[in-house]
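For reference, the structure I am asking about is given below.
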Amino acid sequence: MPKIIINNKEIEFENGMTVLQACELAGEEIPRFCYHERLSIAGNCRMCLVEMEKSSKPIASCAMPATDGMKIKTNTEMVEKARKGVMEFLLANHPLDCPVCDQGGECDLQDQSLYYGFDKSRFKENKREVKDKYMGPLIKTIMTRCIHCTRCVRFATEIGGVTEIGAIGRGENMEITTYLEKSMESELSANVIDLCPVGALTSKPYAFEARPWELKKTETIDVMDGVGSNIRVDTYGWEVKRILPRLNDNINEEWISDKTRYACDGLLKQRLDKPYKRENGKLVESNWDEVIDIIYSKINETEKSKIAGHIGDMQSLETINSFKSLLESLNINNYDFREKPFYINPKNKINYIFNSSIKGIEKSDFILLIGSNPRLEATMVNARIRKNFVLKKTPIFSIGDAGDLTYDYKIIGNKTEDIKKFLNNESQASKIFLKSKYPIIIIGESALQLASGRSIFENLKKFLIEQNFISDKWNALNILIQNASTVGAIDLDFLKDYKKNNLEFFDNIKNNKFKLLYFVGSDNLDFTKKDEFVIYQGSHGDHRAQAADIILPSPAFTEQNGLFINLEGRLQKSVKSSYPPGEAKEDWKIFNLIHQKFKYNNIFNSFKELRDKTLNKVKNHSDFGLLPETKIDKEDSDLDNLADETININELDYYFSNSVARSSKTMSECRSVRLKNIKNKTGT
């Protein structure tokens with residue numbers, strides 16, 4: 001390996017590294033504003049200056065390639081003088097806003113000015129003023145503070161895939177702006193707030209809410225979709241003030257979606273804090289003893305085959321396991337987790353997870369989407385696909401029109417007939433596929449919802465096995481799960497006994513064959529109430545609570561500990577960061593109360609016992625944060641011919657996809673802006 005000498009210390013580095021990266025290997029901290037390891041190099045802030053042997057002037061270490069034998073010094077008098085000069089220029093026009101700036105305490109410029117700033121200014125001219133720009137309901141702009149690092153421009157173009165931010169003007173007249181003064185049309189837009197090294201771009205919903213040192217910080221995970229992004233929840237008292245990304249290169253890198261970041265204000269609104277019962281058609285306040293008595297009598301007087309349970313989209317493994325244990329203890333065998341009747345094969349874990357892994361997307365050399373819109377269904381998966389496309393120009397095909405995915409792809413049809421052509425090597429995509437080494441096929445829930453959903457999945461799986469693309473070395477079969485609880489629910493067998501299409505539960509719901517329904521955090525199931533008795537257990541007064549006969553208040557995902565399995569099969573911990581309001585009880589404790597009424601004992605005596613027994617039931621579990629050790633199932637399936645159907649990708653109401661988001665004022669504003677933009681584009 002080549003070697004570089006930094007401050008008289010010899011360091012080995014990899015070819016392609018910059019001087020700044022080599023300095024970091026040597027343990028030297030180099031100040032920077034424009035440089036970011038996940039963005040292209042701009043080299044325009046000049047704060048990272050270092051001294052290089054035989055160079056009469058300091059060099060920008062972020063833009064200088066490291067070469068073998070190069071001698072660098074990072075702490076000489078010349079370097080310090082150069083950095084102080086750069087800092088003086090940066091502060092010349094910067095307003096003295098620190099006491100009222102939301103970036104205070106987390107500001108790179110503030111930190112660096114401590115070491116390289118002056119206590120007075122030699123700048124006598126009038127400071128420039130720049131008009132603030134409108135960037136939507138999430139991003140607050142004070143552009144006079146901007147130091148033109150262009151991080152936001154590069155993020156929007158390279159990571160977000162929306163070329164909506166750029167620089168206009170030159171020199172002192174240069175401004176960063178959205179060209180058409182409109183909201184950024186990206187589900188990743190608010191990441192520019194984290195990237196901004198000064199207070200030019202800050203969080204609009206969080207403005208003037210708290211200082212960073214006042215907040216309690218809890219490292220946990222997101223449950224707004226199936227990705228399981230790693231996040232940090234900041235709370236003031238029991239109130240969640242903001243959510244920030246946490247670094248995890250295997251899942252979300254250091255980005256999160258706007259919904260993950262900003263739906264948190266919905267945790268304060270429309271909360272259920274007391275038990276309720278329905279009297280004379282109206283919900284009235286009750287107490288725990290009374291509602292448990294009502295539930296007891298209703299279950300006793302109802303035939304067990306007419307009782308069903310349904311789990312929602314953001315429920316932990318512990319909640320699922322304890323709910324299933326309660327139902328089975330009461331001899332109730334009708335339960336499911338799916339919100340729509342899509343086909344699932346629970347026999348083997350490879351049948352319902354993203355086998356190539358999120359990080360594995362970067363390795364792929366062919367991508368085929370079938371009935372999937374990853375931009376809305378799993379935003380961070382879409383960001384990885386774009387990253388692959390930008391770096392490798394990987395050919396991407398889709399069966400079904402997914403709309404704008406922020407990268408170029410080719411639609412090769414929208415019918416099951418087009419899947420047949422692919423399987424029979426009769427399409428252009430199949431020829432490219434057969435030449436690839438690491439292909440990825442992503443099947444969305446929209447395709448699995450079709451009458452031929454089973455045939456689509458089983459035929460594709462058989463085809464991939466025959467082509468040796470489902471093996472120990474590489475598994476190209478991927479299901480794009482939309483909900484955080486789905487994989488865990490399948491692992492815990494929370495669905496009716498496996499049959500050819502295992503959709504009997506939905507037929508019974510549709511035909512109103514159940515007389516008593518117990519919903520746990522379930523608000524998205526398509527269900528029209530007639531004369532059923534409905535029990536709703538959850539955190540928000542959303543769709544299902546409004547039609548319930550009994551309401552049992554329980555905590556939201558930030559208010560109780562829990563385990564979740566993301567769409568690629570990684571087991572992760574969600575950590576309690578705040579407290580539920582009023583008389584709300586943890587889900588498993590509510591199930592204990594009901595069980596005590598029937599059996600005079602608890603299902604689980606402690607949360608530790610519940611977690612241990614839940615972990616024992618998880619399929620292919622090795623450890624937290626790791627991919628599961630899956631077994632390749634090559635048994636023959638009972639294959640059906642593909643029926644002639646059109647693959648229409650279900651339109652997802654992105655900002656209103658769950659009860660927390662629907663309660664969020666910020667998500668409501670984002671949704672209004674999106675609908676307005678669509679209306680302006682279509683003219684309808």
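Note that these values count all heavy atoms, side chains included, but never hydrogens, waters or copies made by symmetry.
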Ring centers of Tyr206, Tyr262 separated by less than 6.0 Å: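 Ring centroids of Tyr206 and Tyr262 are no less than 6.0 Å from each other.
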
Lys182 NZ: over 12 foreign heavy atoms closer than 6.0 Å: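 It does: Lys182 NZ has more than 12 such atoms within range.
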
Lys84 bridged to Glu80 by N-O distance under 4.0 Å: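 Yes, Lys84 and Glu80 are salt-bridged.
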
For Ala82 against Leu49, the heavy-atom pair lying closest together: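 Taking Ala82 first and Leu49 second, the nearest heavy atoms are CB-CD1, 3.7 Å.
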
Short N-O contact, Arg128 and Glu172, less than 4.0 angstrom: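 So Arg128 does not pair with Glu172 through a salt bridge.
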
SB check Asp194 Arg261 (cutoff 4.0 Å):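 A salt bridge is present here (some side-chain N lies under 4.0 Å from a carboxylate O).
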
Check: Pro137 and Thr666 side chains under 4.5 Å, non-hydrogen atoms: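 No, too far: nothing below the 4.5 Å cut-off.
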
Close side-chain approach of Arg83 and Pro31, heavy atoms under 4.5 Å: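 Arg83 vs Pro31: side chains touch.
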
Main-chain N/O of Arg375 paired to Thr379 side chain as donor or acceptor, under 3.5 Å: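 Checked: pair present.
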
Leu405 vs Ile396, side chain to side chain contact (heavy atoms under 4.5 Å, CB included): CA-CA, chis, key distance, verdict: CA-CA 11 Å; Leu405 294 179; Ile396 303 173; over 6 Å; no

Beyond-backbone contact of Val390 with Arg386, side-chain heavy atoms, under 4.5 angstrom: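 The answer is yes; the side chains approach within 4.5 Å.
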
Spacing of Thr141 atom OG1 and Met135 atom CE [to the nearest 0.5 Å]: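 It is 6.0 Å, given to the nearest 0.5 Å.
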
Any Glu187 side-chain heavy atom under 4.5 Å of Leu376 side chain: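 A side-chain contact exists here, since the closest heavy-atom pair is under 4.5 Å.
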
Residues Lys217 and Glu219 bridged, charged N to O under 4.0 Å: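 Salt bridge absent between Lys217 and Glu219.
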
Asn15 to Pro2 - nearest heavy-atom pair and separation: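 Closest pair (atom of Asn15, atom of Pro2, distance): OD1-CG, 3.4 Å.
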
Side-chain donor or acceptor of Asn483 paired with backbone N/O of Ser485 under 3.5 Å: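 Checking the backbone N and O of Ser485 against the side chain of Asn483, no donor-acceptor pair under 3.5 Å is found.
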
Donor-acceptor pair, side chain of Arg232 and main chain of Pro245, under 3.5 angstrom: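 Judged by distance alone, no pair lies under 3.5 Å.
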
Aromatic Phe656 / basic Arg671 pairing, under 6.0 angstrom, 45° off normal: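 Here Arg671 passes the 6.0 Å and 45° test against Phe656.
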
Distance in Å, Asn7 CG paired with Ile72 CD1, rounded so as to fall on 0.5 Å steps: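 If we round to the nearest 0.5 Å, Asn7:CG and Ile72:CD1 are 9.5 Å apart.
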
Closest contact, heavy atoms only, Cys149 versus Asn44: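 Closest pair (atom of Cys149, atom of Asn44, distance): O-OD1, 3.5 Å.
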
Ile358 backbone acceptor or donor facing Asn250 side chain under 3.5 Å: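 Not at all, since once roles are kept as given, no pair shorter than 3.5 Å links the two residues.
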
Check: Thr67 side chain, Met70 main-chain N or O, donor-acceptor pair, under 3.5 Å: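 Looks like no, no N/O pair under 3.5 Å.
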
Trace of the side chain to side chain contact (heavy atoms under 4.5 Å, CB included) decision for Leu138 with Ser189: CA-CA 8 Å; Leu138 305 180; Ser189 64; 3.9 Å; yes

Check: Ser577 side chain, Thr558 main-chain N or O, donor-acceptor pair, under 3.5 Å: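 Checked: pair present.
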
Within 6.0 angstrom of Phe89 CZ, more than 12 heavy atoms from elsewhere: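 No, because the 6.0 Å sphere around CZ of Phe89 holds 12 heavy atoms or fewer from other groups.
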
Salt-bridge contact Glu669-Lys204 (side-chain N to carboxylate O under 4.0 Å):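 No, no charged N to carboxylate O under 4.0 Å.
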
Under 3.5 Å donor-acceptor, Arg154 side chain and Cys34 backbone: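 Yes, the answer is positive, given that a donor and an acceptor are paired below the 3.5 Å cut-off.
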
More than 12 heavy atoms of other groups within 6.0 Å of Tyr134 OH: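 Correct, the count exceeds 12.
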
Backbone of Pro212 reached by a side-chain donor or acceptor of Glu106 within 3.5 Å: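 Checking the backbone N and O of Pro212 against the side chain of Glu106, no donor-acceptor pair under 3.5 Å is found.
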
Heavy-atom side-chain contact between Asn355 and Glu568 under 4.5 Å: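 No, side chains not in contact.
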
Other residues, nucleotides, ligands: >12 heavy atoms within 6.0 Å of Tyr409 OH: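 Atom OH in Tyr409 is crowded, with more than 12 foreign heavy atoms closer than 6.0 Å.
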
Test: Glu175 and Lys131 ion pair at under 4.0 Å: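 Looking at Glu175 and Lys131, the cut-off is not met.
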
Residue pair Ile4 / Met17, side-chain heavy-atom distance below 4.5 Å: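 No, too far: nothing below the 4.5 Å cut-off.
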
Over 12 foreign heavy atoms within 6.0 Å of CZ, Phe123: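 Check passes, neighbour count above 12.
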
Worked check of side chain to side chain contact (heavy atoms under 4.5 Å, CB included) between Asn373 and Leu652: CA-CA 9 Å; Asn373 180 346; Leu652 182 67; over 6 Å; no

Steps toward side chain to side chain contact (heavy atoms under 4.5 Å, CB included) verdict (Ser186, Phe155): CA-CA 11 Å; Ser186 170; Phe155 174 84; 5.6 Å; no

Spatial distance of atom OG (Ser356) from atom CD1 (Ile361) [nearest 0.5 Å]: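 Here the interatomic distance stands at 8.0 Å.
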
Nearest-0.5 Å distance, CZ of residue Phe33 to CD1 of residue Ile147: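 Rounded to the nearest 0.5 Å, the CZ-CD1 separation comes to 5.0 Å.
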
Smallest separation among heavy atoms of Ser61 and Thr18, with atom names: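 Where Ser61 meets Thr18 most closely, the heavy atoms are O-CB, 3.7 Å.
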
Any donor-acceptor N or O pair under 3.5 Å, side chains Ser40, Glu158: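 A donor-acceptor contact under 3.5 Å links the two side chains.
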
Minimal non-hydrogen separation, Arg145 against Val100, with atom names: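 Closest pair (atom of Arg145, atom of Val100, distance): NH2-O, 4.4 Å.
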
Thr486 side, atom OG1; Asp313 side, atom CG - distance, nearest 0.5 Å: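 Thr486 OG1 to Asp313 CG: 8.0 Å, rounded to 0.5 Å.
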
Chi angles and distances behind the side chain to side chain donor-acceptor pair (under 3.5 Å) call for Ser364, Asn388: CA-CA 8 Å; Ser364 69; Asn388 177 299; 3.3 Å; yes

Glu14 atom CD, over 12 foreign heavy atoms within 6.0 Å: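 At most 12 heavy atoms, drawn from other residues, nucleotides or ligands, come within 6.0 Å of this atom.
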
Side-chain heavy atoms of Arg246 within contact of Ile231, under 4.5 Å: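 Answer no - side chains too far apart.
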
Asp68 atom CG: more than 12 heavy-atom contacts under 6.0 Å: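 Atom CG in Asp68 is crowded, with more than 12 foreign heavy atoms closer than 6.0 Å.
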
Side chain Asn561, main chain Val575, donor-acceptor under 3.5 Å: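 No, the answer is negative, given that no donor and acceptor are paired below the 3.5 Å cut-off.
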
Separation between CE of Met314 and CZ of Phe557, rounded to the nearest 0.5 Å: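 The CZ atom of Phe557 is 7.0 Å from CE of Met314, to the nearest 0.5 Å.
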
Nearest non-hydrogen partners of Ile256 and Asn230, listed with the distance: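 Closest approach of Ile256 to Asn230, heavy atoms only: CG2-O, 4.3 Å.
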
Under 3.5 Å donor-acceptor, Lys259 side chain and Tyr654 backbone: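 Yes; at least one donor-acceptor contact below 3.5 Å.
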
Min side-chain heavy-atom separation Arg384-Glu362 under 4.5 Å: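 Heavy-atom side-chain distance check passes, below 4.5 Å.
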
Check: Ser664/Tyr655 side-chain N/O donor and acceptor closer than 3.5 Å: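 Per modelled atom types, Ser664 and Tyr655 side chains form no pair under 3.5 Å.
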
Heavy atoms from other residues, nucleotides or ligands near CD of Glu29 exceed 12 (cutoff 6.0 Å):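 Count not over threshold, so no.
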
Arg242 bridged to Asp234 by N-O distance under 4.0 Å: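 Salt bridge flag = yes for Asp234 with Arg242.
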
Pair Lys9 + Glu28, salt bridge at N-O below 4.0 Å: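 Salt bridge flag = no for Glu28 with Lys9.
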
